[in-house]
Amino acid sequence: MNVRLYLWQRLTAAVMAPLVLVHVIVIFYAARQGMSAADILARTRGSVAWASFYGLFVVAVAVHAGIGIRNVLTEWLPLEDRPAAILASTFAVLLLILGARAVAAVVLP
Amino acid sequence: MLHLSGEERGASSQRKQAKEPIAQPMSDSRSELTVSLWRGAQEGRYETYKVPLRNNQTVLDVVTFVQRHLDPSLSYRFACRVGMCGSCAMTVNGRPRWTCRTHVSSVAKRGRLKIGPLENLPVIKDLATDMRAFFDKWQQAKGAFVPSRRRGEDVERIKPDSAARIAADAAIECINCGICYAACDTVRWNGDYLGPAALNRAWTLVNDVRDSGNTERLRAVAASGGCHACHSHQSCQELCPQQLNPTASIAGLKRRTLWAYLRGEV
């Protein structure tokens with residue numbers, strides 16, 4: 001971990017903190033209202049606001065988790081910085097693709 | 001034959017006057033300590049010795065007793081015996097401690113002591129570790145003072161109540177004992193990590209207005225293995241015999257290097 005990675009990890013944590021809170025509130029709201037999948041999709045499909053909200057969430061998660069996994073790999077496995085960075089970046093890209101796919105599934109009309 | 005210093009003889013005579021009982025070596029288990037000491041180098045084993053229990057006995061006294069009376073081949077390191085030099089740190093019942101200022105009565109469990117070399121450092125022999133990595137990292141963290149004035153110039157006036165001096169003073173009393181380094185999980189996991197003592201030293205210099213080496217120093221501690229590798233477990237401040245708080249110093253370095261990075265200085 002160097003100062004650049006530290007900055008990105010703290011920055012993405014700061015972005016995620018309010019997003020997680022809103023996400024949890026949305027889950028509680030949907031569950032308590034007894035909304036079906038169709039009800040939810042009716043609200044999210046074509047919505048620029050939800051696309052931006054969850055799009056930002058996915059990017060922040062991918063960056064944050066990627067840096068965290070890199071640290072875990074360098075500290076817990078006998079890996080040098082570079083191979084650990086390659087593995088962690090691969091994991092981050094995977095998270096980004098899976099997340100983007102999930103967001104597309106709920107916001108694309 | 002044990003030679004008593006003037007102070008020890010004085011204490012002995014005071015005890016006689018006060019008719020206090022003096023602990024004598026006896027053979028029953030209540031007056032004896034069972035001490036396991038690490039013998040060997042990196043590979044080795046714990047060997048057990050019986051040491052007489054005495055009043056106000058320190059862990060260093062116990063190790064010294066074994067070396068002088070039971071096994072002269074035991075290797076360990078000490079110098080001042082009064083908590084100033086930082087040479088005598090060892091692992092005592094699982095925790096790194098300064099042995100000259102650790103009373104047996106505060107650490108022995110059911111009359112037992114297990115004493116090993118410091119963790120996270122290669123063992124030379126028995127209780128003595130190779131501390132080169134520890135001190136090399138002080139150099140890597142730019143722990144040496146870089147003067148900003150020449151000999152002929154006036155001495156810089158330092159206000160003791162200035163924020164920078166208060167921050168430096170809070171961290172300055174390190175005795176280089178290596179206890180924080182031995183206690184640190186991050187050092188254990190990451191061989192490149194500079195460690196709490198070196199970073200704490202860097203923090204004192206970052207706050208020293210007389211020093212002119214801060215750009216290089218912040219660059220050194222902002223790199224991989226520097227202050228940002230710290231997980232803030234706080235074992236260093238928990239076990240520091242000088243009650244310093246290296247975790248707080250490292251947090252200060254994290255903030256300082258972050259701003260320096262954003263300004264493009266590191």
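What you are looking at is a predicted structure, and each value in this text was computed from that prediction instead of being measured. Below, read A as the first sequence line, B as the second, and so on, with proteins coming before strands; counting in each chain starts at 1. Note: hydrogens, waters and symmetry copies are ignored here, and every other heavy atom, side chains too, is used.
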Ile40(A) meets the side chain to side chain contact (heavy atoms under 4.5 Å, CB included) criterion, sequence neighbours left out, with Ala30(A), Met35(A), Thr44(A)

Practice item. Kindly write out the residues that satisfy side chain to side chain contact (heavy atoms under 4.5 Å, CB included) with Met84(B), not counting sequence neighbours, or none if the list is empty. Key: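 Expected list: Cys80(B), Val82(B).
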
Checklist line | Part of Ala223(B) within contact of chain A (heavy atom distance under 4.5 Å) | finding: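 Just its backbone gets close to chain A.
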
Listing needed: what donor-acceptor pairs below 3.5 Å join chain A with chain B?
unit_1	atom_1	unit_2	atom_2	d
Val3(A)	N	Ala222(B)	O	3.0
Glu75(A)	OE1	His231(B)	NE2	2.9
Glu75(A)	OE2	His231(B)	NE2	2.8
Asp81(A)	OD2	Ser224(B)	OG	3.1

| message | Within the structure provided, determine whether Leu7(A) and Leu262(B) are in side-chain contact (heavy-atom separation under 4.5 Å). | response |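 Yes; the side chains approach each other to less than 4.5 Å.
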
Under a 4.5 Å heavy-atom criterion, the part of residues 84-105 of chain A in contact with chain B comprises none

